[in-house]
Every structure is written in structure tokens, then in C-alpha cells.
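Data first, discussion second: the structure below is written as C-alpha cells.
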2 protein chains.
Amino acid sequence: MAYSYEFPRAALTVDCVVFGLDSEDLKVLLIQRGIDPFAGKWALPGGFVRLDESLEDAARRELQEEAGLSKVFLEQLYTFGDPGRDPRERVVTVAYYALVNIGDHNVKAATDARNAAWFSVTDVPSLAFDHAKVLKVALERLKGKVVYQPIGFELLPRKFTLTQLQKVYEIILERELDKRNFRRKILEMGLLEETDEIEQDVAHRAARLYRFDEAKYKQLVKKGFMFEL
Amino acid sequence: MAYSYEFPRAALTVDCVVFGLDSEDLKVLLIQRGIDPFAGKWALPGGFVRLDESLEDAARRELQEEAGLSKVFLEQLYTFGDPGRDPRERVVTVAYYALVNIGDHNVKAATDARNAAWFSVTDVPSLAFDHAKVLKVALERLKGKVVYQPIGFELLPRKFTLTQLQKVYEIILERELDKRNFRRKILEMGLLEETDEIEQDVAHRAARLYRFDEAKYKQLVKKGFMFEL
DNA sequence: TCAGTATAGTGTAGATACGACACTATGTCA
DNA sequence: TGACATAGTGTCGTATCTACACTATACTGA
């Protein structure tokens with residue numbers, strides 16, 4: 001390693017845009033910073049990458065440590081590295097976005113004394129660093145990706161009704177979809193497995209529950225199938 | 001900056017996958033490494049990010065220095081940071097991909113003494129670091145992106161024939177397209193401006209030249225237009 | 001100069017996919 | 001048991017996609 005001393009080196013972080021969904025809104029998980037810079041401000045969960053872990057491992061570790069989340073859908077989003085984006089020194093951040101079913105996780109409980117909360121993406125407080133920009137890019141990516149990759153399911157419980165699924169798409173795409181056309185299209189893809197269970201505890205006729213058949217999806221993809229909403 | 005000493009820091013590079021096109025093949029620009037590690041091996045053009053320049057600036061600077069390329073289409077691809085991807089120490093690389101019209105640039109002449117050459121993407125030599133993986137990701141991105149963003153033009157001269165444009169798509173997508181359907185579709189989008197010039201020096205009826213109307217495209221996008229091939 | 005050749009440029013018809021649209025069925029609750 | 005809330009279902013007109021073949025034009029070389 002005789003030559004290594006000449007490399008410029010930058011601090012490296014990961015930040016995660018964690019999306020969740022309640023019945024009305026698309027939500028994003030934010031953490032209130034405990035220390036400077038930006039102490040007290042809300043920020044995306046994230047932190048420094050250790051020198052012996054991969055970027056994705058770092059993102060998953062931070063999600064676990066800061067929000068108690070594990071085994072979530074996680075994909076790299078974009079890398080932000082403008083000089084000056086961190087007031088301390090040059091810090092490059094590799095941003096990831098995650099999709100979780102809010103009901104699966106008790107976020108608050110898992111976060112060691114630090115404030116964590118879900119915010120509607122339409123009503124986010126002022127954020128630390130350039131996290132507002134990161135969130136904006138993540139939202140665009142989500143909107144773009146949801147129509148040609150079956151990732152909407154990640155925001156729902158494993159078993160869900162077709163109406164719930166339709167709502168996922170309506171909220172993300174910000175437009176209404178026709179119920180019959182939506183059902184026809186999604187069912188004809190053959191990615192949903194009908195269960196013999198129905199919704200519980202609703203004050204009206206209960207809807208049938210479906211499950212996303214990931215094995216079937218992978219199999220179809222090999223044959224050239226393209227998901228498209 | 002009293003707290004900065006505790007950050008882990010990683011060496012940071014950018015690498016560029018530069019795509020070009022000749023009449024037969026999609027090409028990628030490679031540089032033969034002059035120094036260890038991997039001295040003598042082919043690699044993607046790239047290098048260390050300076051602490052005072054943005055990531056994209058670094059990519060453009062490396063393209064200029066190593067390949068004599070400037071003002072090309074350039075977009076961030078993905079960030080690769082597995083520990084061990086560089087034998088020296090932890091090096092994280094932010095990969096970009098670029099699209100250029102090969103004819104516009106005399107690559108060889110501009111590269112100071114180092115070997116630079118275009119290779120067919122189907123016939124690439126063994127590459128340094130994890131650059132084979134980077135190239136693979138870039139190819140997937142290109143194939144995915146070309147159908148819903150008007151980037152095919154970037155691989156052609158400013159004025160081109162419809163047949164040339166069709167060929168771009170056929171080569172990238174690796175399938176043949178119907179001539180009449182292609183022309184109808186692309187012309188109906190209204191993104192091409194017909195010039196009053198025709199092809200020169202061809203041994204057959206000369207085709208009309210068209211130009212991509214970027215202003216028109218941006219204007220249509222604002223009104224909700226989506227390019228889709 | 002004319003025959004050959006290489007590509008340019010053009011239209012249609014059948015099949016498929018998409019969007020718009022409204023009523024009946026089933027369960028809960030008061 | 002009646003009011004309510006949502007589940008679940010089919011059709012038809014329209015737009016879009018695919019497949020397909022011939023004539024026009026310019027250059028080439030004998």
C-alpha cells in the first residue's frame with residue numbers, strides 16, 4: 001500500500017428514504033437529530049459507512065439502529081456529493097429508498113430515545129443537509145418505478161385486498177384509477193394468488209385477500225414478461 | 001470542526017461508461033491502464049474525485065483528460081462500494097454513463113500517450129476492478145432508458161436520417177423494428193424537425209435529414225408528454 | 001445511356017388493448 | 001329489517017399496434 005497516501009478521501013454516509021403508506025397518504029420516516037450540525041432538525045435516517053461494510057449493509061444497519069427496521073425492500077437511489085452539502089467537511093452520501101408496510105413495524109419503540117416519526121410526503125418539515133432534495137429525487141423515482149416494477153406490494157401487508165392495492169397506486173401516482181379496469185389488468189398478469197381468506201373487522205361486505213406471488217413473477221420475467229400498469 | 005476526526009473516510013473515484021455507436025455495434029470506450037493495480041489491463045475511464053469538485057464535474061474532467069471528450073450526455077448510473085473492489089484499500093466509485101457520437105470526437109488523438117479504444121459491447125476484454133459489473137449495469141440501464149427517454153439521438157450526429165435512428169434503437173434493444181411503424185411513431189411525437197438537407201455520398205437514393213428538437217421536447221414534457229417508443 | 005442495385009418513402013386492414021361506464025351482491029350496524 | 005358501505009362483475013366503442021409490399025429516386029458501372 002505504498003501509494004495509498006496520495007488519495008484524496010471523503011467521509012461517506014448512507015441516507016435512507018423510507019416510504020410507508022397509511023389509508024390516506026404516502027409517508028416518509030424522519031428522525032430528529034440529536035447533535036450538531038442541524039441538532040433538533042428532522043433528517044433522513046442514515047449515518048457513516050464503516051470501512052469494512054458494503055454500502056447496502058450500511059444502509060440496512062442504519063435502518064435497524066435508527067428505526068428498528070429489518071428485511072425491508074431497499075434499493076440504491078442516487079449519490080449526492082456536492083462540496084458544501086455538509087457544513088463540516090466533504091461528505092458524500094449514497095441515498096437508498098426503502099418501502100415498508102407501516103403496520104409491520106413499531107418504529108417508535110425501536111428507536112433508542114431518538115425521535116422518529118412518519119410524515120406525509122406532502123407536509124414535510126424543513127430538513128437537515130440536502131435531504132429535501134434527496135426526498136424529491138426519491139419521490140420521482142418511486143412514481144416512475146411503480147408502473148413498471150411490482151413494488152407496490154411492498155407497502156402492504158402480505159395479504160391485501162384489491163382495493164387496498166388500487167389505493168397504493170392511486171396515492172403514489174396521484175390520480176384515480178378505474179376499479180374494473182385496474183382489477184382486470186392486475187389479475188390478468190397472473191401475479192396475484194387468491195387466498196381463501198377475507199378482510200376482518202370491517203363494517204361492510206368483506207373483500208377477498210390476495211397475496212403477491214413472487215416466485216411466479218420471477219418465473220414470468222425469465223420468459224420475457226414485463227410488469228406494466 | 002472539532003468533531004471531524006472521528007469520521008471514517010474512503011477514497012472516492014468516478015468511472016464513466018462511454019457508449020458510442022458505429023454502423024454495426026454498440027461500442028464502449030476503454031482505457032489501458034498504465035500503472036498498478038491492473039497495469040496493462042483495460043478499464044473504464046475515471047479517476048479520483050478532488051475534494052473541491054462535484055461528482056459530475058469530476059466525471060467530466062476525467063472524460064476530458066482521459067478521452068478528450070467534452071459536452072457529452074452524462075448521467076449518474078450507480079455507486080459501487082463493496083469492500084475489496086479495489087485491492088489497495090476501500091475505494092468507492094460513483095459510476096456515470098455517457099452517450100457520444102463517435103464521429104464527433106477523435107478520441108485517440110486526445111488521450112495523452114495512453115491507449116484508448118472503442119470495443120463492441122459484445123466483445124469486451126477482461127476489465128480491471130469490478131468494471132465488468134459496472135458495464136453490465138450500464139447496459140441494462142441504457143436498454144431500459146432508451147424506450148422512455150429520447151436519448152437515442154445522443155449517439156448520432158446532430159442531423160441524421162430516420163434509418164440511422166431506427167438502427168440505433170435496433171442495436172440497443174437487440175431486436176428488429178418495423179420501418180413503417182417506427183417512422184410513424186417517431187414522427188407523430190413531433191420531436192423531429194425536418195431539415196431541407198439530404199444524406200451525402202451514398203450510392204443510392206439519399207434520405208432526408210432530421211434534427212431532434214430539444215426545445216419542443218421540453219415544452220411538450222411540461223404539458224405532460226411522455227416519450228415512449 | 002441504360003440496366004442494375006440499393007435504399008427511401010409510403011398506407012391499410014385486422015387484431016388487440018384501453019377507457020368509460022352502472023348495477024347487483026353481501027355483510028354490518030342500529 | 002332497513003339503511004349503509006364496499007365488493008364484485010361485463011360490454012362496447014375507440015385508439016393503438018402489428019404485420020405486410022410496392023413504387024420512387026439516386027447513384028454506379030458497363
Side-chain angles (χ1 to χ4, degrees), chain A residues 21-24 146-148 150 152 156-157 159-171 173-211 220 223-229, chain B residues 21-24 146-148 156-157 159-171 173-211 220 223-229:
Chain A
L21 202 71
D22 69 10
S23 54
E24 298 301 314
V146 86
V147 297
Y148 65 90
L156 292 174
K159 295 174 185 173
F160 50 83
T161 69
L162 294 180
T163 300
Q164 285 178 302
L165 185 61
Q166 182 178 338
K167 199 126 194 197
V168 168
Y169 284 100
E170 289 182 331
I171 289 172
L173 298 173
E174 297 181 286
R175 63 189 164 95
E176 297 201 338
L177 301 173
D178 180 87
K179 182 170 163 181
R180 280 173 290 189
N181 294 340
F182 177 80
R183 283 166 182 244
R184 177 180 359 124
K185 194 156 188 179
I186 207 91
L187 288 174
E188 276 175 1
M189 288 185 194
L191 301 178
L192 295 189
E193 192 181 352
E194 190 174 311
T195 72
D196 50 7
E197 295 166 66
I198 56 171
E199 246 181 325
Q200 299 299 320
D201 303 318
V202 287
H204 54 79
R205 177 176 175 183
R208 160 149 275 121
L209 294 174
Y210 289 81
R211 180 190 306 132
L220 287 174
K223 295 179 188 162
F225 168 81
M226 295 270 295
F227 177 91
E228 201 183 331
L229 197 74
Chain B
L21 202 72
D22 68 11
S23 54
E24 298 302 313
V146 87
V147 297
Y148 66 91
L156 292 174
K159 294 173 186 175
F160 50 83
T161 69
L162 294 180
T163 299
Q164 285 178 302
L165 184 61
Q166 182 178 341
K167 199 126 195 199
V168 169
Y169 285 99
E170 289 182 332
I171 289 172
L173 298 173
E174 296 181 286
R175 64 189 164 94
E176 297 201 338
L177 301 173
D178 180 86
K179 182 169 161 181
R180 279 172 291 189
N181 295 339
F182 177 81
R183 288 158 107 94
R184 175 170 9 111
K185 194 158 188 179
I186 207 91
L187 287 174
E188 276 175 359
M189 287 184 196
L191 301 177
L192 296 188
E193 192 181 352
E194 190 174 312
T195 72
D196 51 7
E197 293 167 66
I198 55 171
E199 252 180 319
Q200 300 299 318
D201 303 317
V202 287
H204 53 80
R205 175 175 175 185
R208 161 149 275 119
L209 294 173
Y210 290 81
R211 179 189 308 131
L220 287 174
K223 295 179 189 163
F225 168 81
M226 296 270 295
F227 178 91
E228 200 183 332
L229 196 73

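Chain identifiers are assigned alphabetically (A, B, ...) following the order of the sequence lines, protein sequences preceding nucleic acid strands; residue numbering begins at 1 within each chain.
- You won't find any donor-acceptor pair under 3.5 Å spanning the side chain of B:Arg205 and the base of C:dA6, going by distance alone.
- For the pair A:Glu194 CD and D:dA7 P, the computed distance is 15 Å after rounding to whole Å.
- Atom P of nucleotide D:dG8 and atom CD of A:Gln164 are separated by 11 Å, given to the nearest angstrom.
- Put simply, the side chain of B:Thr195 gets close to the backbone of B:Leu209: a donor and an acceptor are under 3.5 Å apart.
- B:Leu165 places its CG atom 13 Å from the P atom of C:dG9, with the value rounded to the nearest Å.
- Per the geometry, NE2 belonging to B:His204 stands 10 Å off P belonging to D:dT28, to the nearest Å.
- C:dA25 atom C1' lies 14 Å from atom CZ of A:Arg208, rounded to whole Å.
- A salt bridge is defined here as a Lys NZ or Arg NE, NH1 or NH2 lying under 4.0 Å from an Asp or Glu carboxylate O, and A:Glu170 with A:Arg175 fails to meet this definition.
- Rounded to whole Å, the distance from CD on A:Glu176 to C1' on C:dG19 is 15 Å.
- For B:Arg180 against C:dA8, a side-chain-to-base donor-acceptor contact under 3.5 Å is absent.
- Between B:Asp201 atom CG and C:dA6 atom P there is a gap of 18 Å when expressed in whole angstrom units.
- Per the geometry, NZ belonging to A:Lys179 stands 21 Å off P belonging to C:dC18, to the nearest Å.
- Shortest non-hydrogen contact noted between A:Phe182 and A:Leu162 is CE2-O, 3.8 Å.
- In terms of modelled atom types and a separation under 3.5 Å, the side chain of B:Glu199 and the main chain of B:Ala207 share a donor-acceptor contact.
- Closest approach of B:Ile198 and B:Ala206 over heavy atoms only: CD1-CB, 3.7 Å.
- A:Gln164 places a side-chain N or O within donor-acceptor distance of the main-chain N or O of A:Thr161, the cut-off being under 3.5 Å.
- Within residues 181-189 of chain B, the residues approaching DNA chain D are B:Asn181, B:Arg184, B:Lys185, by heavy-atom distance under 4.0 Å.
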- Task: List the steps, then state whether side-chain contact (heavy atoms from CB on, under 4.5 Å) holds for A:Arg211 with A:Phe160.
- Result: CA-CA 7 Å; A:Arg211 180 190 306 132; A:Phe160 50 83; 5.6 Å; no
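- Each of A:Ala203 and A:Asp178 lies near DNA chain C, and the nucleotide nearest A:Asp178 is the one positioned closer to the 5' end.
- Contact annotation: B:Thr163 side-chain N/O to C:dA8 OP1/OP2 distance is under 4.0 Å.
- Among the atoms of the strands shown, none is found under 4.0 Å from any heavy atom of A:Thr161.
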